[in-house]
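A short worksheet on the structure shown next.
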Amino acid sequence: MDLSRYITTKDSSDFVAEERLTVVFASSEVAPFSKTGGLGDVAASLPMALAQRGHNVVIFTPLYGHLDPHKLRLSKRLHSLEVPRKSKAQSKVEATLWEGRLGQGVRIFFVDAEEYFGREGLYGQDGAAFEDNAERFAFFSRAAVEFARSYPLNVDVLHCNDWHTGLAPVYARHYYEEEFANTSVLMTIHNLAFQGTFEGDQFDATGLPKKFADEGELLDDSGKLNYLKGGLLHADRITTVSPGYAKEIQTEEKGMGLHALLQARSEELTGILNGADYNVWSPDVDRHISVQYDVETLNGKRQNKAELQHKNGLPVRPTLPLIGVISRLTEQKGIDVMVPTIRSLLSGLEDERDGFQLFVLGEGESWLHEDLEALAKEFPKRVVFKAGYDEAMAHRVQAGSDILLVPSRFEPCGLTQIYSMRYGTVPVVHSTGGLADTVSDLRDDPDHGTGFVFKELTEDAMAGAIERASAAYRNYRKWRPLMVRAMELDFSWGESAHQYESLYVSLAELQKAAE
Ligand code: ADP
């Protein structure tokens, strides 16, 4: 894919904010340059939405080995970024900065440090994490802080995302308390399951003084080093990506060992629902699909479905519902419960016009790959499993499926169901976190419901929801309004970007009051 076309030079003129804030948004992933999941999408779309409201948002991210700054037409900054390692006075890494623009008016800086990022893979390769991740992301966190310090304007907010930037609040507050007196530090949890934990003996990678190697600081109960914990302790405010998940992570069951800390900071923890970038994820403008469509031209969706079926060896049957799944293949995603559920539903079918077809696009743990491969082999006319990460294919599955299944055990926000609704692809989801916040069940509310929700993550409950959805699909008189209702929902960033903005402003006011 030619990524250079994502770099633009136009400035946004659509300013609506009363006060123009300067925000450094630090993220280890930014779509379409680097992405393993929802974080990448959000790290591009939220800054663009904030910029559209008139703010000066600057993205800071690593230049990974697969990114060629020349092909991306980035410009090299004259001055390199000096990043102290180990401690303030000791060794420094001289990192090159490359600059581009994303969308309309968002500056994006890539930090180029060969020893940490000049390799294939973001966090690891072939399923194994890189051994020096503690060092790589301590570097990235420190680099984000140094970048914010050296930025020519006063930075109002340093917005950190997930454990990869977990040490940034610690560095900012420990080394530069005075310099950052007018800068608020915000930490967003995109997924609490990933905390950046390392053996305690890797503590030196942080470069921090020994007092941080303590259970009240960066170590967790089992003596492991925990980067996210540091961020959550030292950030001024914490957000996560849906209101439902904000509540869940304060419980022992879903707090992944950090519930007590999050409870203690509950006054400073807010859940703000992620938004969608409808310039990328909308069937009327989607460049990856063969036939673009909207509410008025739903026939286009049928053509996308027929093509998806045909090209992937499924019988082309318009009347059979096609269920799509687009997912990382990990325990979180509930695929282990989905496989036996699908097997028992499909095993009982006698007529090939009954039931449904299933298309799974996913990449992840090998045991789940094996389960899905076996399922596809058992039901070659019913089930397709495409192993791998394929952005264009994700769009085609959204457009070509009738139903999108998201059986996650837990889901901080979930973007695939938000996107699917825009494509008229009706979601079937487990009632958890952001899935519960975004999908309402047709049975509970026949006039406003937008999908099918199952309360428990069990084979029976999931099968029940799939059967209800498949049956509903067969009645087009009722299905069509459901599709249209889902397509007309608005999950664009507007309201959520406004909530981030209000949070930024309230933090800036707090800083001023403290002066
Ligand atoms: P998570 O961040 O936990 O992976 P989300 O639903 O928030 O889950 O975001 C998933 C994002 O990753 C979506 O943009 C989805 O389209 C994309 N995605 C997931 N798996 C794949 C895959 N195998 N190929 C292409 N895109 C994928």
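Every number for a ligand or one of its atoms is a count from 1 in the order of the listing. Here the structure is a predicted model, which is why all the values come from computation and not from measurement. The basis for the numbers below is simple: all heavy atoms, side chains too, and nothing from hydrogens, waters or symmetry mates.
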request  = Give the ring-plane orientation class for H288 versus H395, where under 30° counts as parallel, over 60° as perpendicular and anything between as tilted.
outcome  = tilted
Residue, atom name and distance, where the atom is the protein heavy atom closest to atom 15 (C) of ligand 1 = T416 CG2, 3.7 Å
message = Are any of the N/O atoms on G38, whether in the backbone or the side chain, positioned under 3.5 angstrom from an N/O atom of ligand 1?
response = yes
inquiry  = Can you tell me which residue among F137, F198, F140 is in a ring-ring contact (aromatic ring centres under 6.0 Å, His included) with Y227?
reply    = F198
query = Which residue supplies the protein heavy atom nearest to atom 24 (N) of ligand 1, what is that atom called, and how far is it?
reply = D390 N, 3.0 Å
ask   = Just distances here: any N/O of N191 and N/O of ligand 1 closer than 3.5 Å?
value = no
query = Would you call the rings of Y419 and W281 parallel, tilted or perpendicular, where under 30° means parallel and over 60° means perpendicular?
reply = parallel
request  = Classify the side-chain pair Y293/N304 by whether it contains a donor and acceptor separated by less than 3.5 Å.
outcome  = no
inquiry  = If the contact criterion is a heavy-atom separation under 4.0 Å, does H395 count as touching ligand 1?
reply    = no
ask   = Can you tell which part of H190 has a heavy atom less than 4.0 Å from ligand 1: side chain, backbone, both or neither?
value = neither
request  = Would you check whether E391 has a nitrogen or oxygen atom less than 3.5 angstrom from a nitrogen or oxygen atom of ligand 1?
outcome  = no
ask   = Is any N or O atom of L415, backbone or side chain, closer than 3.5 Å to an N or O atom of ligand 1?
value = yes
remark   = Of R328, Q398, K333, E29, the one whose closest heavy atom lies nearest atom 8 (O) of ligand 1 is K333
inquiry  = D336 vs R409, test: salt bridge (Lys or Arg N to Asp or Glu O under 4.0 Å). Steps then yes/no.
reply    = CA-CA 10 Å; D336 54 319; R409 276 200 166 75; 2.9 Å; yes
request  = Could you grab the distance from atom CD of E467 to atom CG of L345, nearest 0.5 Å is fine?
outcome  = 5.0 Å
inquiry  = Judged on heavy-atom distance to atom 22 (C) of ligand 1, which of Y389, W281, Y419 sits nearest?
reply    = Y389
ask   = With a cut-off of 4.0 Å, which atoms of ligand 1 are near a heavy atom of G362?
value = 23 (N)
inquiry  = Whether E411 and K333 form a salt bridge (side-chain N of Lys/Arg under 4.0 Å from carboxylate O of Asp/Glu) is what I want to check.
reply    = yes
query = Going by atom types only, do T36 and E29 share a side-chain donor-acceptor pair under 3.5 Å?
reply = yes
query = Does ligand 1 have a heavy atom under 4.0 Å from the side chain of C413, from its backbone, from both, or from neither?
reply = neither
ask   = Which residue, D286, N279, D284, forms the side chain to side chain donor-acceptor pair (under 3.5 Å) with S282?
value = D284
message = Tell me the nearest of I326, V325, D41, V406 to atom 19 (C) of ligand 1, using heavy-atom distances.
response = I326
inquiry  = Using a 4.0 Å cut-off to any heavy atom of S327, which atoms of ligand 1 qualify?
reply    = 20 (N)
task = Please work out whether the ring planes of F454 and H430 are parallel, tilted or perpendicular, with thresholds of 30° and 60°.
result = parallel
key: ligand 1 contacted by G388 (non-hydrogen, < 4.0 Å)   = yes
